[in-house]
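One structure below.
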Amino acid sequence: MKVKRSLCIASDLSELDRLHDAVAELGEVGDWPPDLVYQVDLVLEELIVNTMNYGYDDDASHEIEITLISDEDVFTVEIIDDGHAFNPLDDAPEPDLDSGIEDRPIGGLGIHLMRVMMDDVHYRREENKNHLTLIKRRNG
Amino acid sequence: MEIKTQRENGILIANVNGRVDSANAREFENVLSSAISDDDTCVVVDFGGLSYISSSGLRVILLVAKSLRNRNAEFALCSLSGPIGEVFKISGFDKIISIYDSQAEACAALGG
């Protein structure tokens, strides 16, 4: 059974709770394993917060559209934002995972978590908006 | 998110409960940092009650770990659930921070 939830959030951290709740609700409806729901929830937060922090030049509030789709074996998240063009597959530097504690840089892990945790990621820039699709398979 | 601390055998134990995300990571940083006094030489953060942490929370853990390392204090994490342990592993934190299955193991390793 295909179940879809669409949310439009403001570019503000106070919206995160609503986002987490929507992912949790769809996880229950689709009977998804908690570990998988955690990963979808986490990656969504990482990307949204990235956009909020680095996506805009102005202080205005921007809208971010999020669609969550639970299908039989695939959990899909679509994110559309009007921030700077940013393809997380190509435009993010590789993280430093090997330095010792003194030299380990603070930050830069969000996109890495996305790359490792998601089964598929698609990006396109269309009409001055970023369209990002995250795919997590039940048996991925 | 809530942090309860106690001191046992010279070890500061901080039990973290709830969720740590980008919206409350600053609060997590403030509460955890102020719970650790300059005299603490051994610190264990127990994540047994933690249900969620994102990279914003990992950032705080790394800051705390760096600051304790700078003054030669010992630091360990314990009781990470499966998915949270996975986040630490994927982030390469398991190579720079000691992680134990239980609080008892962490305290024993830190000499308590």
Side-chain angles (χ1 to χ4, degrees), chain A residues 9-21 23-24 27 32-55 64 88 92 94-118 136 140, chain B residues 1 18-30 32-33 43 45 47-77 80-99 110:
Chain A
I9 66 163
S11 53
D12 188 286
L13 288 177
S14 64
E15 294 277 42
L16 281 182
D17 279 349
R18 207 151 67 86
L19 213 54
H20 291 312
D21 288 348
V23 173
W32 290 89
D35 291 11
L36 186 149
V37 174
Y38 185 111
Q39 295 193 337
V40 171
D41 198 10
L42 172 75
V43 171
L44 181 56
E45 178 191 323
E46 301 294 347
L47 292 163
I48 294 291
V49 171
N50 218 41
T51 299
M52 289 177 183
N53 287 342
Y54 308 112
I64 303 173
E94 288 294 322
D96 176 350
L97 304 176
D98 300 311
S99 292
I101 195 160
E102 293 89 350
D103 301 325
R104 188 69 65 98
I106 306 278
L109 291 169
I111 302 297
H112 173 65
L113 288 162
M114 175 202 81
R115 287 179 180 143
V116 175
M117 289 180 164
M118 293 297 109
K136 187 71 185 169
Chain B
M1 190 268 305
R19 301 172 58 92
V20 176
D21 66 12
S22 304
N24 68 3
R26 186 64 57 85
E27 181 194 352
F28 177 55
E29 183 178 349
N30 291 341
L32 187 58
S33 303
V43 177
V45 172
F47 276 159
L50 186 72
S51 57
Y52 177 94
I53 191 166
S54 66
S55 72
S56 58
L58 266 68
R59 176 184 165 278
V60 175
I61 292 300
L62 183 56
L63 285 169
V64 168
K66 278 174 182 277
S67 124
L68 290 171
R69 172 66 61 94
N70 280 341
R71 58 177 179 85
N72 289 319
E74 290 189 79
F75 179 58
L77 300 174
L80 280 62
S81 70
I84 289 175
E86 191 71 13
V87 173
F88 275 80
K89 200 172 160 189
I90 292 172
S91 303
F93 276 32
D94 56 333
K95 293 182 201 154
I96 49 171
I97 296 171
S98 303
I99 300 175
L110 266 57

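In what follows, chains are A, B, ... by sequence order, proteins preceding strands, each numbered from 1. Just the heavy atoms: all of them, side chains too, but no hydrogens, waters or symmetry mates, feed the values below.
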Practice task
Of all the heavy-atom pairs spanning Met117(A) and Ile90(B), show the shortest one and how long it is.
Solution key: CE-CD1, 3.8 Å
Practice task
Determine yes or no for a side-chain-to-main-chain donor-acceptor pair under 3.5 angstrom, with Arg104(A) supplying the side chain and Gly92(B) the backbone.
Solution key: yes
Practice task
Using non-hydrogen atoms and a 4.5 Å limit, figure out which bit of Asn50(A) sits close to chain B: side chain, backbone, both or neither.
Solution key: neither
Problem - Heavy-atom check, side chain of Ile106(A) versus side chain of Lys66(B), under 4.5 Å - result: yes
Exercise for the section: Would you indicate whether the side-chain heavy atoms of Gln39(A) and Pro83(B) approach each other to under 4.5 Å? Expected result: no
Exercise for the section: Search all heavy atoms of Gly100(A) against all heavy atoms of Ile96(B) and return the closest pair with its distance. Expected result: C-CG2, 3.9 Å
Problem - Largest heavy-atom contact set with chain A, pairs under 4.5 Å, which of Ser56(B), Ala23(B), Ser55(B) - result: Ser55(B)
Practice task
May I ask you to name which of Arg69(B), Arg59(B), Lys95(B), Glu86(B) has the most heavy-atom pairs under 4.5 Å with chain A?
Solution key: Arg69(B)
Practice task
Evaluate whether atom CZ of Arg26(B) has more than 12 neighbouring non-hydrogen atoms of other residues, nucleotides or ligands under 6.0 angstrom away.
Solution key: no
Exercise for the section: Decide yes or no for Ser22(B) and Met52(A): does some side-chain heavy atom of the first lie under 4.5 Å from some side-chain heavy atom of the second? Expected result: no
Handout entry: Under 4.5 Å from any heavy atom of chain A - which part of Leu58(B)
Key = side chain
Problem - Which atoms of Ile101(A) approach chain B - backbone, side chain, both or neither, heavy atom under 4.5 Å - result: both
Handout entry: Atom group of Ser14(A) that falls short of 4.5 Å from chain B, counting heavy atoms
Key = neither
Problem - Part of Ser51(B) lying under 4.5 Å from any heavy atom of chain A - result: backbone
Problem - Segment of Pro105(A) engaging chain B (4.5 angstrom heavy-atom cut-off) - result: backbone
Exercise for the section: Report yes if the side chains of Leu109(A) and Phe93(B) come closer than 4.5 Å at any heavy-atom pair, otherwise no. Expected result: yes
Practice task
Identify the heavy atoms of Ser91(B) and Leu113(A) that sit nearest to each other, and give their distance.
Solution key: OG-CD2, 3.8 Å
Problem - Most chain A-contacting option - heavy-atom pairs closer than 4.5 Å, from Asn24(B), Ile97(B), Leu62(B) - result: Leu62(B)
Exercise for the section: Would you mind reporting whether Arg19(B) and Asp41(A) have side-chain heavy atoms less than 4.5 Å apart? Expected result: yes
Completion exercise
Pair count under 4.5 Å, heavy atoms only, with chain B: among Asp98(A), Val49(A), Leu42(A), highest is Leu42(A)
